[in-house]
Amino acid sequence: MAQRGTLGVAVIGTGKMGADHVRRLAEVTNGARVAAVVDVDAERVKRIADGIEGCTAHTDAAAAMASDGVDAVLIASPGPAHEAALLTAFEHDLPVLCEKPLTPGSASALRVLEAEQKVGHRLVQVGFMRRYDTEYAKLKALLNTGQLGRPLMLHNRHRNVATPPGFTSEMLINDSVVHEMDITRWLLDQEIIAVTVLKPTPSGNAPEGLQDPQFVVFETAGGAIVDVEINVNCGFGYQVQAEVVCERGTARIGDGHALVTNQAGRWGGTIAQDFVERFEDAYDRQVQAWVDATRRGEVTGPSAWDGYATAAVCEAGVRAQTEGGRIEVELVERPAFYS
């Protein structure tokens, strides 16, 4: 298939994540340009557009998608706004890279799935960027060889320095553990069928009212057990680690020992302080892969089904937080469209 020219992208949402994607498309990504930016903050979006040649500013996503020069959409707005933006993109047959969540709930995610199927071809790639991280990609490739045998357990650690104001226990699942939900499904190629949440005495670092840390356990359709230590006020750095225990061996990533120094009676290295620093390369790879595929007329990467499945697991996780015990995940049968 012939490759189209430079891809004109409308970026919807210009907060921390959206602004970083604008920078990435303008300065790092090959084959793309920022054709339009959208935000409810008219002054901010105008200021951003004024700094990019040929970029238009909008406060309405539909107007941006209907404007000249827009070939694709990158959605980085808050989750509750995603469904409307996705459905509008479908009306214009525009490929979309949608930051997680696809939508905040499984019911709205199902509506997106149904609308995409009516278009007749995939348009959505969901922004689960860990799939584009070099270490996770190597782990996936190793598991795919089968040389370690069947995966039995997967241990995950997910630590943040501190939470921003207003961070809730529910957000531990929906904003943080959601990444382990997707990476579990991808690494093991199995759906998650049940979630249990265990809660130790909160850390003294946690703000009042936040139940942190927590220990989340997944059961998969293939019989694997997965645990996640989610610890978002650890105080010392941002860490994401994973170890797969298989029948004939184990494999671990995320130790972060790329540079180790020995100095003045001490040895050690540095720890990333936030997700942007830790996964900067993964974000770059993700957006470049999306642009390259879109220019070829293809849609690859995590699908709307992946967005729906993680939304359903999140709902089970939040119920497990509040109700206690083991909560089964409620999933519809996977449509052949997404196989």
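All residue numbers in this chain count up from 1 along the given sequence. FYI, side chains are in, hydrogens and waters are out, and symmetry mates aren't considered; it's all heavy atoms of this structure. The shown structure was predicted, so the numbers you read here are calculated from the model rather than taken from an experiment.
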Legend entry - Within one Ile-Leu-Val-Met-Phe-Trp-Tyr cluster: V9 and V96, side-chain cutoff 4.5 Å: no

Legend entry - Donor-acceptor contact present, side-chain T145 to main-chain L142, <3.5 Å: yes

Legend entry - Any donor-acceptor pair under 3.5 Å from D50 side chain to R47 backbone: no

Legend entry - Closest heavy-atom pair and its distance - F218, M181: CZ-CG, 3.5 Å

Inset, instruction - May I have the step-by-step check of side chain to side chain contact (heavy atoms under 4.5 Å, CB included) for C246 and L143, ending in yes or no? - result: CA-CA 9 Å; C246 301; L143 291 175; 3.8 Å; yes

Legend entry - Shortest non-hydrogen separation from H121 to F337 and the atoms involved: C-CZ, 3.5 Å

Legend entry - Sidechain-backbone polar pair: K199 side chain, Q321 backbone, donor-acceptor under 3.5 Å: yes

Inset, instruction - For the pair T103 (side chain) and A109 (backbone), establish whether a donor and an acceptor sit closer than 3.5 Å, ignoring hydrogens and angles. - result: yes

Inset, instruction - Tell me whether V38 is reachable from V34 by hopping between hydrophobic residues (I, L, V, M, F, W, Y) whose side-chain heavy atoms are closer than 4.5 Å. - result: no

Inset, instruction - Look at the side-chain heavy atoms of Ile, Leu, Val, Met, Phe, Trp and Tyr, link any pair under 4.5 Å apart, and say whether F128 and V73 land in one connected group. - result: yes

Inset, instruction - For S203 and P213, work out which heavy atoms get closest and say how close. - result: N-CD, 3.9 Å

Inset, instruction - Measure up the H158 and H179 rings against each other and bin them: parallel (under 30°), tilted (30 to 60°), perpendicular (over 60°). - result: tilted

Inset, instruction - Assess whether side chain to side chain contact (heavy atoms under 4.5 Å, CB included) is satisfied between L139 and I253, documenting all intermediate values. - result: CA-CA 8 Å; L139 182 56; I253 63 169; 4.1 Å; yes

Legend entry - Nearest-0.5 Å distance, CD1 of residue I230 to CZ of residue F215: 12.0 Å

Legend entry - pair H58-V45: side-chain heavy atoms closer than 4.5 Å: no

Legend entry - Rounded distance (nearest 0.5 Å) linking atom CZ of R122 with atom OG1 of T300: 7.0 Å

Legend entry - Nearest-0.5 Å distance, CE of residue M171 to OG1 of residue T163: 8.5 Å

Legend entry - Spacing of NE2 belonging to H21 relative to OG1 belonging to T14, to within rounding of 0.5 Å: 12.5 Å

Inset, instruction - Spell out, as yes or no, whether a donor-acceptor pair under 3.5 Å connects the side chain of Q190 to the backbone of T220. - result: no

Legend entry - Side chains of L331 and Y308 in contact at under 4.5 Å (non-hydrogen atoms): yes

Inset, instruction - Could you tell me whether R296 and D292 have a side-chain N and a carboxylate O separated by less than 4.0 Å? - result: no

Legend entry - Residues, nucleotides or ligands: over 12 heavy atoms within 6.0 Å of E43 CD: no

Legend entry - Test item: W290 and Y132 side chains (from C-beta on) under 4.5 Å apart, heavy atoms: no

Legend entry - Any T294 side-chain heavy atom under 4.5 Å of D71 side chain: no

Inset, instruction - Mark yes or no for whether N233, through its side chain, and A162, through its backbone, hold a donor-acceptor pair below 3.5 Å. - result: no

Inset, instruction - Kindly check if the number of other-residue, nucleotide or ligand heavy atoms within 6.0 Å of CG (D68) is above 12? - result: no

Inset, instruction - Kindly indicate whether the side chain of N30, heavy atoms from C-beta on, has any atom under 4.5 Å from the side chain of Q288. - result: yes

Legend entry - Nearest heavy atoms of Q117 and P335, plus distance in Å: OE1-CB, 3.6 Å

Legend entry - N/O donor-acceptor pair under 3.5 Å between D212 side chain and V232 backbone: yes

Inset, instruction - Check A224 against P151 and note the closest heavy-atom contact, atom names and distance. - result: CB-O, 4.1 Å

Legend entry - Donor-acceptor contact present, side-chain R248 to main-chain G146, <3.5 Å: yes

Inset, instruction - Indicate the atoms forming the closest heavy-atom contact of G31 with V291, along with that distance. - result: O-CG1, 3.8 Å

Legend entry - SB check D182 R130 (cutoff 4.0 Å): no

Inset, instruction - Answer yes or no: are there more than 12 heavy-atom neighbours, outside E53 itself, under 6.0 Å from its atom CD? - result: no

Legend entry - Flag, side chain of E315 to backbone of S106, donor-acceptor distance under 3.5 Å: yes

Inset, instruction - Would you indicate whether the side-chain heavy atoms of Q286 and Q125 approach each other to under 4.5 Å? - result: yes

Legend entry - Connected via hydrophobic side-chain network under 4.5 Å: I12 and L102: yes

Legend entry - D189, CG: over 12 other non-hydrogen atoms inside 6.0 angstrom: no

Inset, instruction - Please answer: with hydrophobic residues joined when any side-chain heavy atoms are less than 4.5 Å apart, are L148 and W186 in the same cluster? - result: no

Inset, instruction - Apply the test side chain to side chain contact (heavy atoms under 4.5 Å, CB included) to residues V112 and F90: give CA-CA distance (whole Å), side-chain angles for both, the deciding distance (0.1 Å), then the verdict. - result: CA-CA 9 Å; V112 170; F90 294 169; 4.0 Å; yes

Inset, instruction - Determine, for E229 against R157, whether the closest basic-nitrogen to carboxylate-oxygen distance falls under 4.0 angstrom. - result: no

Legend entry - R334, CZ: over 12 other non-hydrogen atoms inside 6.0 angstrom: yes

Legend entry - Nearest-0.5 Å distance, CG of residue N160 to OG of residue S176: 5.5 Å

Legend entry - Pair D20 + K16: basic N to acidic O under 4.0 Å: no

Inset, instruction - Any chance you could lay out the side chain to side chain contact (heavy atoms under 4.5 Å, CB included) test for V299 and V124, step after step, and finish with the verdict? - result: CA-CA 7 Å; V299 178; V124 178; 5.9 Å; no

Inset, instruction - Measure the CD-CD distance between E328 and E219 for me, rounded to the nearest 0.5 Å. - result: 8.5 Å

Legend entry - Residue pair H82 / S108, side-chain heavy-atom distance below 4.5 Å: no

Legend entry - A221 backbone acceptor or donor facing E191 side chain under 3.5 Å: no

Inset, instruction - Measure the shortest side-chain to side-chain distance between L172 and F167 over non-hydrogen atoms and say whether it is less than 4.5 angstrom. - result: yes

